[in-house]
A.B. asks: 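Please find one structure pasted underneath; my questions will follow.
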2 protein chains.
Amino acid sequence: MSNFFLEIAGSKRSLHVQVAREIARKILSGELSQNEIIPSEMTLCEQFGISRTALREAIKLLTSKGLLLSRPKVGTRVRSRDNWNFLDSQLLDWVADIGDNEAIYLEFLALRKAIEPEAAALAASNATAEQRILLSATFQKMDDLASNFNAEEWTEADMEFHRLVFLSTGNNFFLPFANVLCTMFKSFIGHSSEKGGTCIEEHRAIYTAIMAGDADKARQANTNLLNNSNHRLPTNN
Amino acid sequence: MSNFFLEIAGSKRSLHVQVAREIARKILSGELSQNEIIPSEMTLCEQFGISRTALREAIKLLTSKGLLLSRPKVGTRVRSRDNWNFLDSQLLDWVADIGDNEAIYLEFLALRKAIEPEAAALAASNATAEQRILLSATFQKMDDLASNFNAEEWTEADMEFHRLVFLSTGNNFFLPFANVLCTMFKSFIGHSSEKGGTCIEEHRAIYTAIMAGDADKARQANTNLLNNSNHRLPTNN
DNA sequence: TGACACCCATTTATCATACAATTATGTTTT
DNA sequence: AAAACATAATTGTATGATAAATGGGTGTCA
């Protein structure tokens with residue numbers, strides 16, 4: 001399978017993304033404070049040693065995510081925090097570089113508790129035949145890995161399972177959570193699963209309910225997973 | 001108060017945003033199908049009659065929202081639907097221009113039912129003193145308008161109330177919903193409120209619970225609002 | 001025949017420069 | 001004092017050139 005679909009929009013290789021990432025870091029860390037006017041384009045070009053073209057594309061990228069707002073004559077301003085789109089996986093990726101990861105992880109868990117049970121319920125009602133096949137294959141893999149544990153493969157399958165749930169809701173507004181969840185898995189949860197922490201039975205309950213088309217049971221099962229599982233805080237090993 | 005904070009990122013005046021909007025329309029409407037390679041930069045420049053600079057900034061904007069992905073030699077491709085960030089208010093604004101609005105409205109309502117009760121619960125627990133003051137002022141306005149109805153002002157206050165709930169959660173991941181909700185209000189719900197449809201008592205229950213710091217009651221009250229209210233489908237009067 | 005290294009053409013990526021549009025600020029005029 | 005105006009600073013757009021990336025073709029060799 002091509003890895004095209006797994007690629008993150010705006011390859012990290014490109015210059016303007018690297019610069020955007022650096023500016024984002026300064027904003028997210030508070031080095032640049034909210035509502036502050038950042039240096040002019042020419043100044044930043046010199047600081048980064050890049051052309052105006054590349055710098056402007058970086059600024060446009062950050063503008064699109066709600067971090068900046070440019071106006072002629074007045075300059076480019078850091079927008080207030082409530083305009084930052086934390087549900088953008090690229091931005092989330094940058095956030096992960098800053099820390100404090102523990103707080104972010106807990107906040108995300110709160111979001112999962114709100115959204116994921118409902119996503120499971122919708123998936124139970126709306127998943128297509130094709131999506132059910134994918135879900136079956138992925139759960140099968142999880143089941144195998146539960147008895148023959150492999151941390152890396154488990155994390156991958158676990159992530160894919162929850163991702164498929166979001167994709168199976170048949171609701172456009174739930175789709176973005178699939179990517180956000182993947183980013184969080186890779187950034188925070190990746191190394192938090194250990195043998196014995198697979199929660200395979202909780203996952204089985206979700207899987208079974210979705211396949212049976214039982215929305216209420218799927219919702220409850222996913223709630224149970226998020227409450228009972230021994231999801232750990234990220235460890236920096 | 002300056003209207004700076006109400007501005008949408010990337011003024012609609014700028015050329016590259018206009019072009020991005022037009023390309024987005026073609027993608028969202030299916031005129032450009034998923035995984036399709038769009039014409040080369042030079043071709044598009046001629047089609048739109050703009051410079052490469054402006055076109056590239058437009059493409060970068062769409063890339064940032066998950067609609068496009070560019071690679072040297074191969075070209076710029078329309079990404080598959082599950083990469084489109086529907087939780088971006090600018091993209092949502094473009095979606096609103098396409099329709100079919102009825103389906104989108106219902107999908108969004110499903111999202112609200114998942115996320116808003118939990119947001120209300122978090123707000124009850126975490127709202128700051130300052131946020132409680134804002135919430136009080138806004139609800140007071142709603143209460144006044146309920147007995148002395150004015151459609152436009154009511155919609156504004158209603159929107160502000162729910163927006164404040166998201167901002168009061170103290171959770172970064174709930175913040176973006178504030179803007180998304182506002183966009184939806186302006187695009188879809190704006191003309192759906194009529195006299196008698198204010199649900200003032202349901203709103204009062206949410207407000208009271210949040211001010212009392214009763215998370216469970218706030219969650220339940222918001223659930224009631226979304227289930228019992230006579231939210232209507234958008235009417236095209 | 002097939003695998004591998006190499007070259008080539010196409011497309012995006014970046015750079016450099018010039019000019020236009022916007023608007024806060026200060027200045028002049030009434 | 002108020003209003004109209006001019007100025008300067010900054011972003012917005014245009015243009016042309018060069019660099020980098022890469023799919024596809026070509027040829028070599030086993």
Side-chain angles (χ1 to χ4, degrees), chain A residues 1-23 27 32 35-79 90, chain B residues 1-23 32 35-64 66-79 90:
Chain A
M1 180 185 296
S2 161
N3 64 349
F4 164 72
F5 297 97
L6 297 179
E7 247 176 274
I8 291 188
S11 168
K12 293 175 185 177
R13 292 181 280 280
S14 69
L15 186 52
H16 74 269
V17 176
Q18 293 176 32
V19 173
R21 181 193 188 90
E22 176 60 18
I23 298 176
I27 295 175
L32 290 171
N35 300 325
E36 177 180 345
I37 302 271
I38 70 175
S40 72
E41 289 180 347
M42 287 308 298
T43 307
L44 290 172
C45 285
E46 292 171 6
Q47 281 185 16
F48 287 107
I50 63 175
S51 71
R52 241 189 104 197
T53 306
L55 177 77
R56 280 180 58 81
E57 288 184 352
I59 289 179
K60 284 293 178 302
L61 181 56
L62 297 173
T63 300
S64 167
K65 300 186 186 312
L67 269 61
L68 294 177
L69 186 57
S70 298
R71 299 181 67 179
K73 169 68 182 179
V74 55
T76 299
R77 185 189 299 265
V78 179
R79 300 189 79 189
Q90 194 173 22
Chain B
M1 183 184 294
S2 164
N3 63 351
F4 163 74
F5 298 97
L6 297 178
E7 251 177 87
I8 292 187
S11 169
K12 293 175 182 176
R13 292 182 279 280
S14 69
L15 187 52
H16 75 268
V17 175
Q18 293 176 31
V19 172
R21 182 193 188 90
E22 176 59 20
I23 298 176
L32 290 171
N35 300 324
E36 176 180 346
I37 301 270
I38 70 175
S40 73
E41 290 181 348
M42 288 309 298
T43 309
L44 290 172
C45 285
E46 292 171 7
Q47 282 186 15
F48 287 106
I50 62 174
S51 72
R52 246 191 97 200
T53 307
L55 178 77
R56 280 181 58 80
E57 288 185 352
I59 289 179
K60 285 293 177 302
L61 180 56
L62 297 174
T63 300
S64 167
L67 268 61
L68 294 177
L69 187 57
S70 299
R71 300 181 67 177
K73 168 71 181 179
V74 55
T76 299
R77 186 188 298 265
V78 178
R79 300 189 79 189
Q90 193 174 23

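Given the structure is predicted, the values throughout are model-derived calculations rather than measurements. All chains are named by letter (A, B, ...) in the order of the sequence lines, taking the proteins before the strands, and each is independently numbered beginning at 1. Only this structure's heavy atoms are used, side chains among them; waters, hydrogens and symmetry mates stay out.
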A.B. asks: Between Arg77(A) and Glu36(A), does any NZ, NE, NH1 or NH2 come within less than 4.0 Å of an OD or OE carboxylate oxygen?
C.D. replies: no
A.B. asks: Are the side chains of Leu62(A) and Ile23(A) in contact, using a 4.5 Å heavy-atom criterion?
C.D. replies: yes
A.B. asks: Anything under 4.0 Å to a heavy atom of chain B counts; send over the first and last such nucleotide of DNA chain C, read 5' to 3'.
C.D. replies: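 With heavy atoms of chain B under 4.0 Å away, the range is dA9(C) to dT14(C).
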A.B. asks: Checking side-chain contact (heavy atoms from CB on, under 4.5 Å) for the pair Leu68(B)/Val78(B): CA distance, chi angles, key distance, verdict?
C.D. replies: CA-CA 5 Å; Leu68(B) 294 177; Val78(B) 178; 4.0 Å; yes
A.B. asks: Mind listing the closest non-hydrogen atom pair of Ile59(B) and Ser70(B) along with its distance?
C.D. replies: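 That closest heavy-atom pairing would be CG2-OG, 3.7 Å.
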A.B. asks: What heavy-atom pair brings Leu55(B) and Val19(B) nearest, and what distance separates the two atoms?
C.D. replies: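 Minimum heavy-atom separation between Leu55(B) and Val19(B): CD1-CG1, 4.2 Å.
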A.B. asks: Quick one: does any side-chain atom of Gln18(A) pair with a main-chain N or O of Arg13(A) as donor and acceptor, under 3.5 Å?
C.D. replies: yes
A.B. asks: Would you grab the first and last nucleotide of DNA chain D (5' to 3') that comes under 4.0 Å of any non-hydrogen atom in chain A?
C.D. replies: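 From 5' to 3', the first and last contacting nucleotides are dA8(D) to dT13(D).
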A.B. asks: Taking C-beta and beyond as the side chain, do Leu15(A) and Phe48(A) meet within less than 4.5 Å on heavy atoms?
C.D. replies: no
A.B. asks: Identify the heavy atoms of His16(B) and Ala58(B) that sit nearest to each other, and give their distance.
C.D. replies: O-CB, 3.3 Å
A.B. asks: Would you name the heavy atoms of Leu61(A) and Gln90(A) that are closest together and state the gap between them?
C.D. replies: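 The answer is CD1-OE1, 3.8 Å.
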A.B. asks: Strictly below 4.0 Å, heavy-atom distances to any atom of DNA chain C: list the hits from residues 38-54 of chain A, or just say none.
C.D. replies: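 Contacting residues: Ile50(A), Ser51(A), Arg52(A), Thr53(A), Ala54(A).
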A.B. asks: Taking all heavy atoms of Ile37(A) and all of Val74(A), pick out the closest pair and write down the distance.
C.D. replies: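 It is CD1-O, 3.8 Å.
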